[in-house]
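Written out below as C-alpha cells is the structure these notes cover.
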Amino acid sequence: MLSISDVSVRFGAALAVERVSLQVPQGGITAILGPSGCGKSSLLRAVAGLEPLATGSVVFAGEDLAGVPTHQRGFAMMFQDGQLFGHLDVAGNVGYALARKGVRGAPVSEEVRRLLALVGLQGYAARRPATLSGGEAQRVALARALAARPRLLLLDEPLSALDRSLRERLADDLRRVLLETGTTALLVTHDHDEAFAIADRTAVMRAGRLVQEGPTPEVWAHPADAQTAIFLGYDTVLVGPAADRLAQWWHSTTGRAAPHDPAGSVATPASTPRFALRREALRIEARGDLDGVVRSTQRARDGIRAVVEVDGIGSLPAVADFRTACVPGQRVSLRLDGDHVVPVGRADGSA
Amino acid sequence: MTRDRAGRIAATTVAAILPLGFLAVFFALPVAGMLGRGFTHDGAVDLTGFAEVLGRARTARIIGFTLAMSAAATVIAVLVGVPVAHALYRLALPGRRVLRAVVAMPFVLPTVVVGVMFRSLLADSGPLGWLGLDGHWGGILAAFVFFNLAVVVRTVGGAWEGLDRRSEEAAAALGASPAVVFRTVTLPALAPSIISAASVVFLFCATAFGVVLTMGGLQYGTVETEIYLLTTALLDLRGAAVLSVVQLIAVAAMLLLADRARAHDPATQRAAKAALPPTRVTAYGMGSVTVTALAVCFVAAPVLALVARSLRRQDVWTLDNYLALGQVGGTGGEGAGSRSALTVTVWEALGTSWRIAVDATVLAVLLGLLVAVLISRPTPSTAGVRWRSLLDGVVMLPLGVSAVTVGFGFLITLDRPPFDLRTSPILIPIAQAMVALPLVVRTLAPVLRAVDDRQRQVAATLGARPWQVLLTVELPVIWRPLLAAVGLALAVSLGEFGATSFLARPDQPTLPVVIYRLIGRPGADNLGMALAASVILAVVTVTVMGLVERLRVSSVGAF
C-alpha cells in the first residue's frame with residue numbers, strides 16, 4: 001500500500017502541492033482528478049521520486065522512500081504522450097525494463113509477446129514507434145510499463161492525447177489490463193469520465209490541495225462542495241430558497257424526502273450549496289411536475305438542450321427530445337429525474 | 001537532502017571539475033600569466049600601461065581597423081548569408097545538399113590555406129590580379145566573408161528549416177505580401193539566430209590571425225596580429241597584455257550578447273524538430289537563388305585558383321609542386337638557402353599534424369561531451385541554472401580569446417613545476433583541444449537539450465540506473481552528433497595555426513606552420529610548394545568534413 005502523508009511540492013516560491021495525504025490501497029486503481037495546474041501531476045512525480053518533497057513522506061509497504069532514487073522504487077510511469085524510445089522498435093521498448101535487469105534472449109521475446117497480446121497489439125514487435133498511431137503508442141507504453149512488473153504503476157494523463165472515441169475504448173482496455181495483471185495503479189487525469197471509467201477510488205485535487213477522496217461512485221454521489229460538483233460534470237448547484245423549493249418539489253413528486261439534504265433541520269446559511277443537478281435531471285414533458293418558461297434552446301446529438309426559467313427556482317438547464325415542442329418564450333412543464341440530483345457537502349453535514 | 005540527490009550533486013561536481021580544471025590550467029593560467037607579465041613591474045602592479053598603450057596612435061589605428069573590418073565582414077556575411085540560407089534550407093533547389101557542403105567548406109579550411117588561396121587569386125599574376133587587391137584591405141575583407149559565410153548559412157538555415165510555416169501562411173492569408181510576411185513574421189522569428197550568427201562572425205573576424213598574417217603583410221594589422229608582433233618581434237609584453245585585455249573584454253561582451261540572443265530563441269530545441277519539406281522555387285525565391293549562385297562562385301573561385309596555381313610552375317602545367325612535397329626545401333640542387341626553408345618534408349609535417357590532431361580530438365571530444373551533458377541536463381534550482389550557464393559561457397571563451405595570447409601564455413607559465421610542460425609534446429594537442437572544445441560543445445549540447453527529459457524519467461521509472469539512462473536514452477541520440485563532433489574537432493585541429501605557431505617545435509612543425517614558413521620564403525619554388533601543401537591540407541580537412549556532412553547533423557557549425 002502506498003501512503004502519502006502531508007506531502008508538499010515546491011517550485012521556487014510557489015507550492016504546487018500543499019500538505020496532501022492519501023492512501024492508495026493494494027491492488028486497486030486510484031485516480032487523482034483535478035483541473036490542469038492543480039498540482040496532481042507534481043504529486044505523481046513526487047511519488048515517482050522525480051520531484052523532491054518540501055514536506056511530508058511517501059511510504060510504500062512500510063518503507064519510507066525518502067532517499068530512494070526513482071530507478072530503485074519499482075514504480076513504472078506512463079506519460080501522457082507515451083515517451084516511447086524512438087531509437088528502439090516496439091519489442092525493444094517493451095523489453096526495456098527486462099534488459100535493465102539483465103534478462104536476455106527467449107524469455108524477453110516471450111514476455112514481450114505476452115504483453116503485446118495483452119494490450120491487443122499482436123505482431124507489432126518489429127514496428128518503429130514513429131509508425132504507430134497515438135492509441136497504439138499508448139498501448140505500447142502500457143505494455144512497457146507492465147513489463148517492469150511495477151509495485152505501483154503511475155499513469156500521467158494516459159489517455160488525454162487521444163481523441164474521444166479512442167479514449168473511451170482504451171479506458172475500458174486499460175482497466176481490464178490493470179485488473180487482469182493485478183496492478184496497483186495511481187492515475188492522474190483532468191477528465192472525470194476517464195476517472196469514472198477506470199478508477200475504483202477517486203481523489204479530487206484543486207489548487208494544490210486534496211478536496212475529497214473516496215470510492216469513485218461515492219465521490220460522484222456526494223461532491224464535497226459546489227466547485228467539485230461542477231468539476232465532476234454537474235451543471236447546476238442550488239442554494240438557499242431555490243434548494244428549499246427543490247426539496248419540497250422532490251417530496252411532493254416522489255413522496256419521499258429528498259436525498260440526504262445537508263441542510264437538514266438545522267438552520268444553515270442561505271449560501272450553503274445543497275444540491276447538484278445534471279442537465280438530465282429536468283426533462284420537458286407534456287405533463288410534468290413544475291412549470292417554467294424556455295429561455296433558449298440548442299440542438300444536440302441526443303436531443304434538445306434548453307435553459308428554462310423555472311418558477312420559484314430560477315434558470316436551470318433541461319433536456320427535451322426532438323418530438324417535444326420547445327421554443328424560446330414557450331411555457332413548458334418539467335419532470336424531475338431523481339437519479340441526476342445529488343446532495344452537495346460531506347455526509348456529516350459540513351459543506 | 002536525500003541520498004539520491006547528494007549522489008547526483010557529487011557526480012555533477014566531479015564532472016564539472018574536470019573541464020573547469022582543464023580550462024583553469026590550460027586557459028586561465030596562461031592568459032593570466034601573459035597578463036601578469038604585462039601589468040607587473042618589479043613585483044608591483046602597474047596599470048599605467050593602459051593609458052600609454054591605448055594612447056598610441058598606432059593602437060588606435062589597429063583597433064579601429066579591427067573593428068571596421070569585423071563589422072563590415074559581419075554585415076556582408078549576414079546580408080549574403082540570409083538569402084543563401086533561405087535558398088539552401090527552405091527551397092527545393094536541385095543539388096542543395098552539395099551546395100550546402102560547398103558553402104560550408106570554408107569554415108573548416110585552415111586559416112593559412114585561406115590566406116594562400118586568396119593571395120593566389122589576387123596576386124598580380126593571379127586571375128583577379130587586375131583588381132589590385134593583393135595586400136589590400138579589400139582582400140582581407142573578402143577572406144573574412146569567405147570564411148564566415150558558412151556560420152551564417154548554417155546557423156540561420158538550421159533555424160529556418162525548423163520554422164513553423166503556418167504563421168507565415170496565416171499572415172499571407174491575412175493579406176500580407178511575401179515581402180511583408182518576411183519582414184513581419186519570418187525575420188522576427190529568425191532574429192535570434194541571426195544575432196547569434198552575427199556575433200560569432202564578428203568574434204571570428206576580430207580574432208582572426210592566420211588570414212591576416214598571411215594576407216595583410218606588414219601594412220595591415222588587427223589586434224590579434226599586433227599582439228603577435230608586440231610579443232615576438234618587439235618583445236613589448238606590456239603592450240601585448242593591454243591589447244589582450246581589451247580583446248578579452250570585447251569578446252566576453254560579445255559572447256554574452258550571443259548568449260542572450262540564444263536564450264530568447266525558441267528554436268534552441270530545433271535539433272529535435274524534423275526539418276520541414278522545402279517549398280517549390282517561385283519567382284519570389286529567385287532573388288535568394290541568384291545570391292546563392294553568386295555566393296557559390298565566390299566560395300569556389302579562390303579554391304579553384306589555388307588548385308590551378310598549385311599545378312603550374314613557370315607558366316606550364318606540371319605536378320612538380322606536388323613532387324617537391326617529398327623533399328625538404330626547393331627542388332633539387334638549388335643551394336643551401338632554399339633548402340633551409342624546411343626541416344621536414346610536407347608529408348612528414350602532415351603526419352605530425354594528424355597525430356597531434358588525433359590527440360587533440362580525443363581530448364576535446366571527451367571534455368566537450370562532459371560539458372555538453374552537464375549543461376543540457378535540466379535542473380530544477382535557479383542556482384543550478386546559473387552554474388550551468390556560467391560553465392557554458394566559460395567553455396566558449398577560447399573561441400574568442402587570442403590564440404596568440406594562449407600560445408604565448410603556455411610558453412611563459414607552463415615552464416615550471418607543477419606544470420613543467422614546455423618541452424612536452426602534449427602542449428600542442430592541449431592548445432588545439434581548447435580551440436576545438438567550444439565547437440564540440442556547440443555541436444552536442446543542442447542535441448542533448450532536445451532529448452525530452454521525460455525520456456530519461458521514464459527510463460528511470462523502468463529501473464534504469466543513471467549510467468544506464470545515459471547509455472540507453474542519450475547515447476543512441478548522440479552518437480551521430482558525436483561522430484560529427486569528432487570530425488569537426490579533427491578538422492579544426494589539423495588547421496589550427498595561431499597557438500600552434502608558438503608551440504610547434506622547429507624539428508616537428510605541423511602542416512599549417514610549414515605552409516606559413518614556405519610563403520614567408522622567397523622563390524617561386526617555395527610558393528609553389530606552399531600552394532600544393534595548402535591543397536593537400538585542404539583536401540584532408542574537407543574530406544573529414546565531407547564525411548561529417550554525411551551524418552547530417554544540423555548543429556555542426558551552427559551557433
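Throughout, protein chains are lettered first and strands after them, A, B, ... in sequence-line order, and every chain is numbered starting at 1.
Taken from CG in B:D453 to CG in A:L50, the straight-line distance is 8.5 Å, to the nearest 0.5 Å. For the atom pair B:T461 OG1 and A:L152 CG, the distance stands at 10.5 Å (nearest 0.5 Å). The CZ atom of B:R456 lies 11.0 Å from the CD atom of A:Q83; values are rounded to the nearest 0.5 Å.
If you measure heavy-atom distances from A:F85 to chain B, the contacts under 4.5 Å come from both the backbone and the side chain. With a threshold of 4.5 angstrom between heavy atoms, A:L98 does not approach chain B through any atom at all. With a threshold of 4.5 angstrom between heavy atoms, A:A148 approaches chain B through side-chain atoms but not through N, CA, C or O. Heavy atoms closer than 4.5 Å to chain B are found nowhere in A:R149, neither backbone nor side chain.
For A:R209, the CZ atom is loosely surrounded, since the number of other residues' heavy atoms within 6.0 Å does not exceed 12.
Distance alone, capped at 3.5 Å, places no donor-acceptor pair between the A:H71 side chain and the B:Q468 backbone.
Across every non-hydrogen atom of A:A145 and B:L462, the tightest pair is CA-CD2, 3.9 Å. Looking at every heavy atom in both residues, B:G463 comes nearest to A:R100 through O-CB, 4.2 Å.
In terms of heavy-atom pairs under 4.5 angstrom with chain A, the leader among B:V469, B:V473, B:T472 is B:T472.
Between A:R45 and B:Q457, the side chains place a donor N or O and an acceptor N or O closer than 3.5 Å (distance only, hydrogens not considered).
Partners of B:S167 according to the side chain to side chain contact (heavy atoms under 4.5 Å, CB included) rule, which considers only residues two or more places apart in sequence or in another chain, are B:V185.
Look at A:D81 and B:R454 and you find a salt bridge, because one of the NZ, NE, NH1 or NH2 atoms lies within 4.0 Å of a carboxylate O, short of that distance.
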